[in-house]
Amino acid sequence: MSSIQVIKPGFFDSIQDLGRFGFRDLGVPLSGVLDSYSSKLANAILNNDAFCAVLEMALKGPTLLFQNDTVIAITGANLSPKLNEAPINMQTKINVNAGDVLSFGALKSGCRAYLAVDNGFKTEYVLGSFSYYKGITNFYKLEKGLFLEIEKSKSSHKLDNAHVKIDKEHFSTEIIEAFKGPEFNLLSKNQQNYLFKNKFKIELNSRMGYQIETTIALSHEIEMLTSSVMPGTVQLTQSGKLIVLMKDCQTTGGYPRVLQLTEKGIAAFAQKNTFQKIYFKIK
Amino acid sequence: MSDLKLTLKPFGNKAILIEWPPVISESILKDILCFKHKLQNHYANFYDISTAYNSLTIYLKSAFLDFENEVEKLNTIYNLEIKSKEIENYIWHIPVCYDKDLAPDLDSFLKVKKLEQQQFIKLHSQNLYTVYFLGFLPGFPYLGGLPKELHMARKSNPNLNIKKGSVGIGGQQTGVYTIDSPGGWHIIGKTPILFFDISLEMPSFLKAGDKIKFYAVSKDVFLEITENVAEEKFTLKKEISHV
């Protein structure tokens, strides 16, 4: 097996594929890439299957040493990628040789970047998925010294130098697309309007979810029995705090579910940072 | 088959939420599990079905085009006849050690509740607990049936690392931490049984509708079972039961 060695981990990097399906009734989170738009693009550039596992890197990338030749593609947030200290392009195939070092610099746009390798990462496969999750996989983020298994490249790739065009809106938009959630209609008319007429500031950001600043105007006394939640569910706490659940969220929750983001909405949200502001727009 | 009034709602465009009246009851649980069973046999467009106290969520493989059409299909399936014996559930006998060395919050719990340790053990292990659903953590059972005498509000300061196997009480519920996790429940015992084992094809032996009976074991027996579990030599005692 070929591999990539972690010289220095980044802020939070994890191996992810499209998620862990079929175990929801056992309380197993879905997991998977937060920005499926960017990860699918990275796999597509390498002609990988969409299910191939990629490395998701948030805010500050890791330093990685390639033990073998392979081909890579980087998409998503611009974390100033460099190969052997020289800046490299994103959204394109890059040939990498054994001994090459991939590192990252300053965050220039977005929040999460994706590294795809030829044929995908072949790290531990648990319950039908490569996706890291604490308590399910042995590792939940990259650690110094870890070896990430990859497949030996079968043939040397022809580089076509073609950049794939990306949708800039995906990174710059403040608009997040959502459906009304199951408890939307329990809010007052004023609160329903408030949700779509105001900008909200992001306070916390993780793979589990984003927290949005508390808004007194959205406080309520709705009580409900614990029920299902999923990535993209927007919960509203009694004090008026919105919680936007992401891919590592629990399978159940007890707060009213006022909105449900579309997959496009989740992907756009995944590129937002703490203190940025967003609008919700009804789909 | 039932006169319960169901509500079907879209949950985004790739999931459907079905709700029963907001009550925690075994008859609703039974109706939910029967419906789930029928869906697994007669509905094709799903990759996951999860249930909770009064709800069932179908996660669709592809987005629905016409919600009303889907509702009609689901209502037809709901009204199919089923023999309740088709659904197998079990009563699981779970060893718990209530020794204070393994139960960091037992002393403070007993003090607040003004109970002797033996009284507490009897109260906690006498009832048959119903597994309503699994959630919160992988494999974590939401159990109904904790005696009123043992209800106690969660801790105001959660523990950052509760070890798997810890048996806790939080509010009106008791449960087992299935993996290491932060949590706000009072830890009053520990079980040597693995409730979530990723090396198994079905990582959790429990499922919604099962029942749990705790029985008290000494620290010595706890250690012995722990060893046997590690060597895969321990077989849990179970009995067939129907919801």
Side-chain angles (χ1 to χ4, degrees), chain A residues 18-31 124-129 133-138 140 177-186 208 222-234 245 248-254 257-266 283, chain B residues 7-24 28 33 36 40 46-59 61 63 132-142 164 173 177-182 195-196 198-208:
Chain A
L18 295 182
R20 194 163 271 117
F21 296 88
F23 297 94
R24 205 75 77 97
D25 54 347
L26 300 187
V28 176
L30 188 64
S31 298
E124 53 176 332
Y125 187 73
V126 184
L127 303 179
S129 171
Y133 185 82
K134 205 175 186 172
I136 291 194
T137 49
N138 283 316
Y140 71 99
E177 206 182 65
F179 297 100
K180 291 175 184 174
E183 281 77 38
F184 179 83
N185 288 330
L186 299 182
M208 216 171 251
I222 304 163
E223 292 286 343
M224 57 176 273
L225 287 175
T226 296
S227 184
S228 58
V229 294
M230 65 180 117
T233 301
V234 182
L245 297 178
D248 279 353
C249 70
Q250 296 174 5
T251 55
T252 56
R257 300 155 290 188
V258 294
L259 297 172
Q260 178 63 40
L261 304 193
T262 62
E263 184 63 29
K264 192 180 165 196
I266 297 173
K283 164 90 178 174
Chain B
T7 319
L8 286 81
K9 292 179 189 169
F11 197 169
N13 64 347
K14 283 192 77 180
I16 296 173
L17 174 70
I18 301 162
E19 291 178 312
W20 279 254
V23 184
I24 300 177
I28 286 179
L33 296 178
K36 182 181 176 186
Q40 284 167 331
F46 72 88
Y47 66 82
D48 261 317
I49 297 176
S50 70
T51 63
Y53 287 120
N54 70 321
S55 63
L56 180 154
T57 306
I58 310 171
Y59 300 90
K61 281 184 194 156
Y132 278 92
F133 59 96
L134 308 180
F136 167 52
L137 300 174
F140 184 93
Y142 278 75
K164 69 177 173 191
Q173 299 185 79
Y177 281 83
T178 49
I179 60 174
D180 295 355
S181 156
F195 274 66
F196 193 78
I198 52 160
S199 68
L200 303 176
E201 200 179 321
M202 273 312 263
S204 168
F205 58 86
L206 282 180
K207 60 179 192 293

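A note on names: the letters A, B, ... follow the listed sequences, proteins ahead of strands, and every chain is numbered from 1. Everything numeric here is computed off the predicted structure, so don't read it as measured data.
Interface check for chain A: of the options B:L17, B:T51, B:D180, the most heavy-atom pairs under 4.5 Å are formed by B:L17. Of all the listed residues (A:T262, A:V126, A:T252), the one sharing the greatest number of non-hydrogen pairs under 4.5 Å with chain B is A:T252. Counting heavy-atom pairs under 4.5 Å between each of B:F140, B:Y132, B:Y59 and chain A puts B:Y59 at the top. Your options are B:S50, B:P22, B:P10, B:S181, and the one with the most heavy-atom pairs under 4.5 Å with chain A is B:S50. Ranked by heavy-atom pairs under 4.5 Å with chain B, the list A:L225, A:L259, A:T251 is led by A:L225. Of the listed residues A:G135, A:P182, A:P29, the one with more heavy-atom pairs under 4.5 angstrom with chain B than any other is A:P182.
Neither the backbone nor the side chain of A:K283 comes within contact range of chain B; no heavy atoms are under 4.5 Å apart. Interface remark: B:Y142 contributes side-chain atoms only to the contact with chain A (heavy atom separation under 4.5 Å). With a 4.5 Å cut-off on non-hydrogen atoms, B:F46 does not touch chain A at all. For chain A, the nearby part of B:F133 is the side chain; its heavy atoms alone come within less than 4.5 Å. Proximity to chain A is limited to the side chain of B:I179, based on heavy atoms less than 4.5 angstrom apart. Looking at A:T233, only its side chain comes within 4.5 Å of chain B, counting heavy atoms on both sides. With a 4.5 angstrom heavy-atom cutoff, B:L137 touches chain A only via backbone atoms. With a threshold of 4.5 angstrom between heavy atoms, A:L127 approaches chain B through side-chain atoms but not through N, CA, C or O. With a 4.5 Å cut-off on non-hydrogen atoms, B:E19 touches chain A through its side chain but not through its backbone. With a threshold of 4.5 angstrom between heavy atoms, B:K36 approaches chain A through side-chain atoms but not through N, CA, C or O. When heavy atoms are compared at a cutoff of 4.5 Å, B:L56 does not approach chain A at all.
Listed here is the closest heavy atom pair of A:V28 and A:I136: CG1-CD1, 3.5 Å. Summarising the geometry of A:M230 relative to B:A15, their closest heavy-atom pair is CE-CB, 3.4 Å, with the distance given to 0.1 Å.
Within the model, atoms CD1 of B:I49 and CG of A:D25 stand 8.5 Å from one another, a figure rounded to the nearest 0.5 Å. Annotation: the span from B:F195 atom CZ to B:T178 atom OG1 amounts to 9.0 Å, rounded to 0.5 Å. Between the CZ atom in A:F21 and the NZ atom in B:K61 there is a gap of 11.5 Å [rounded to 0.5 Å]. The NZ atom of B:K164 sits 10.5 Å away from the CZ atom of B:F196 when rounded to the nearest 0.5 Å. Considering CG of A:L261 and CZ of A:F179, their distance stands at 10.0 Å, rounded to 0.5 Å.
A donor atom on one side chain and an acceptor atom on the other are found under 3.5 Å apart for A:S31 and A:D248. For the 3.5 Å distance criterion, the side chains of A:S227 and A:R257 qualify, holding a donor opposite an acceptor.
Taking the ring centre of A:Y133 as origin, the terminal cationic atom of A:R20 falls outside the region bounded by 6.0 Å and 45° from the ring axis.
Counting non-hydrogen atoms of neighbouring residues, nucleotides and ligands closer than 6.0 angstrom, the NZ atom of A:K180 reaches no more than 12 such neighbours.
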